[in-house]
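The structure under discussion appears below in the form of structure tokens.
In each ligand, atom 1 is the first atom listed, and ligand 1 is the first ligand listed.
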Amino acid sequence: MFKNINPTQTKAWKKLEIHFSKTKSVHLKQLFQENKNRKAEFSLSLEQLQFDFSKNRITDKTLELLVELAHETGLKEAIDSLFQGEKINTTENRAVLHTALREFKDNKLKIEGASVYQEINNARQKIKSFTEKVISGKWKGATGKPITDIVNIGIGGSDLGPKMVVEALDFYSNHLRTHFISNIDGDATHQILKRINPETTLFIVVSKTFSTIETLTNAKTCKNWLLNKLSEEAIEKHFVAVSTNTDAVKNFGINPTNTFPMWNWVGGRFSMWSSVGISIALAIGYDNFEKFLKGANAADTHFKQTAFDKNIPVIMALLSVWYTNFFGITGEAILPYAESLNKLVAYLQQLFMESNGKSVDRNGEKIAYQTGNIIFGSTGSNAQHSFMQHIHQGTQLIPVDFIGFKKSLFGDQKHHDILMANYKAQSEALQQGKTKEAVYLDMKFNGNTNQINKLIPYKVFEGNRVSNIFLFDNLTPFNLGLLIALYEHKVFVQGVLWNINSFDQFGVELGKEMAANS
Ligand code: F6P
């Protein structure tokens with residue numbers, strides 16, 4: 001179980017405070033000059049991923065102390081509790097078993113007497129057979145036509161993951177067109193209904209609780225729209241559901257055989273590896289969906305088995321704690337250099353901010369140190385033409401994750417070379433900056449001698465801004481699954497170190513109640 005330790009009271013924390021006061025002004029340029037092997041020494045690999053964390057304001061000593069903090073706060077025991085299905089979500093008295101959703105051998109776990117592996121495997125078989133029928137055209141709509149359009153109706157964890165992955169892996173997609181309805185804004189719903197044909201559309205209502213007002217309202221609108229054109233019997237061929245609440249699904253009129261399971265031991269924002277991901281399996285085929293799960297499983301194995309100083313998600317989290325609680329950062333940016341990962345940041349925002357935006361610790365005490373950060377970002381190079389100014393020259397330190405792929409999917413090398421040159425240049429510019437002398441020489445060389453002294457201060461870059469580099473061979477279902485699971489484990493490790501429960505989300509309730517009462 002968790003140790004529930006206030007991290008600021010640990011020995012490691014005190015040592016980190018002293019270490020921070022001694023090293024906080026050291027420039028990354030100096031660290032690279034002092035150690036020619038720094039890039040190699042602060043790089044790790046996992047499957048096809050090369051993770052380079054050398055552009056962080058750390059030394060061997062920093063890492064050693066952060067790892068000490070992880071041990072002192074009981075990270076090892078916490079990881080074991082996670083994988084063993086202990087009820088670590090204590091405020092809701094639930095296990096947290098999204099990792100089991102991407103296991104392919106029996107982990108022998110039982111929840112309320114039922115084999116977790118068996119339940120997951122049964123669900124997988126059901127997804128496989130259903131998606132194969134829809135993709136092949138064997139599943140027919142009420143008027144005998146094959147399905148052409150899928151509409152996923154859900155919100156938050158029942159929307160963001162599937163929507164992000166379907167777009168990210170569009171390269172692998174088949175003939176089915178996939179749409180997502182999440183917002184309660186009826187205009188958005190009708191915009192989608194305008195484009196589709198009821199005879200060839202399949203709606204998937206995804207809601208763990210089947211009580212979410214946005215999802216139920218949208219589902220009813222879609223059902224009425226369908227019934228305007230087709231008979232009541234058509235529901236069976238055009239509506240399926242994913243939920244834990246089978247009674248509510250039945251009351252809505254969806255056939256229980258068309259209901260895919262969810263379990264209360266999977267949190268909404270960790271759920272796309274379950275039946276919640278059915279739109280992913282429909283869009284890219286079940287085999288690709290399984291590759292996606294296997295990528296996540298590779299990250300799980302690495303997380304579970306690797307020593308902390310070589311453990312990628314542990315290091316990602318330790319760095320975040322280092323910057324948050326010692327440098328006082330409040331934001332972290334994520335920049336995928338692939339336009340198809342356009343929705344990754346919105347997905348990760350929910351993952352991080354719904355999980356770790358907490359101010360009461362696991363002992364029920366108000367927290368006096370910072371937890372959580374504002375997660376933001378966008379695809380590179382678009383970001384370079386919007387908010388990157390703030391990261392390069394603003395007053396705040398904002399760590400950046402650069403995510404890139406060596407090969408493009410369509411093989412347009414000309415584009416890809418420019419994209420990757422930018423990917424590389426941004427992290428180097430952040431790290432090195434540009435000195436007064438370099439600005440002066442540049443301006444002189446370009447003949448801008450008029451206002452040289454006046455402009456120099458504006459054109460200087462301090463550098464010493466930090467980033468992590470994630471480099472994969474290419475964007476595949478496996479690599480995407482692996483990447484997302486690394487972020488999930490980063491969230492988990494942060495939560496353990498900050499002594500908070502990352503798995504409840506009471507903070508979203510008050511606004512909902514007030515809206516319902518107004
Ligand atoms: O209100 C927040 C939330 O509970 C999220 O955590 C969840 O992902 C989303 O709403 C949707 O919930 P449901 O799947 O039960 O409709």
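For atom 6 (O) of ligand 1, the nearest non-hydrogen atom from the set Glu354, Arg269, Glu214, Lys208 comes from Glu354. Between atom 16 (O) of ligand 1 and the options Ile155, Thr212, Thr215, the minimum heavy-atom separation is to Thr212. The nearest non-hydrogen atom to atom 4 (O) of ligand 1, considering only Gln350, Lys512, Glu509, comes from Lys512. For atom 7 (C) of ligand 1, the nearest non-hydrogen atom from the set Gly157, Gly507, Ser158 comes from Gly157.
Cation-pi geometry between Arg94 and Trp265 is not met at under 6.0 angstrom from the ring centre and within 45 degrees of the axis. Cation-pi check for Lys223 over Phe252 is met; the charged atom lies under 6.0 angstrom from the ring centroid and within 45 degrees of its normal. A cation-pi arrangement, defined by a distance under 6.0 Å to the six-membered ring centre and an angle within 45 degrees of its axis, is absent between Lys358 and Trp498.
Within the 4.0 Å cut-off (strictly below), no protein heavy atom is located near atom 10 (O) of ligand 1.
For the pair Lys291 and Asp287, the salt-bridge criterion is not met [side-chain N within less than 4.0 Å of a carboxylate O].
Residue contact check: Val508 has heavy atoms under 4.0 Å from atoms 1 (O), 2 (C) of ligand 1.
Contact annotation: the side chain of Phe104 approaches that of Leu293 to within less than 4.5 Å [non-hydrogen atoms, C-beta and beyond].
Results of the side chain to side chain donor-acceptor pair (under 3.5 Å) test with Thr324 over Thr371, Thr330, Asn373, Asn356 single out Asn373 as the only residue that passes.
Both the backbone and the side chain of Thr209 come within 4.0 Å of ligand 1, judged by heavy-atom distances.
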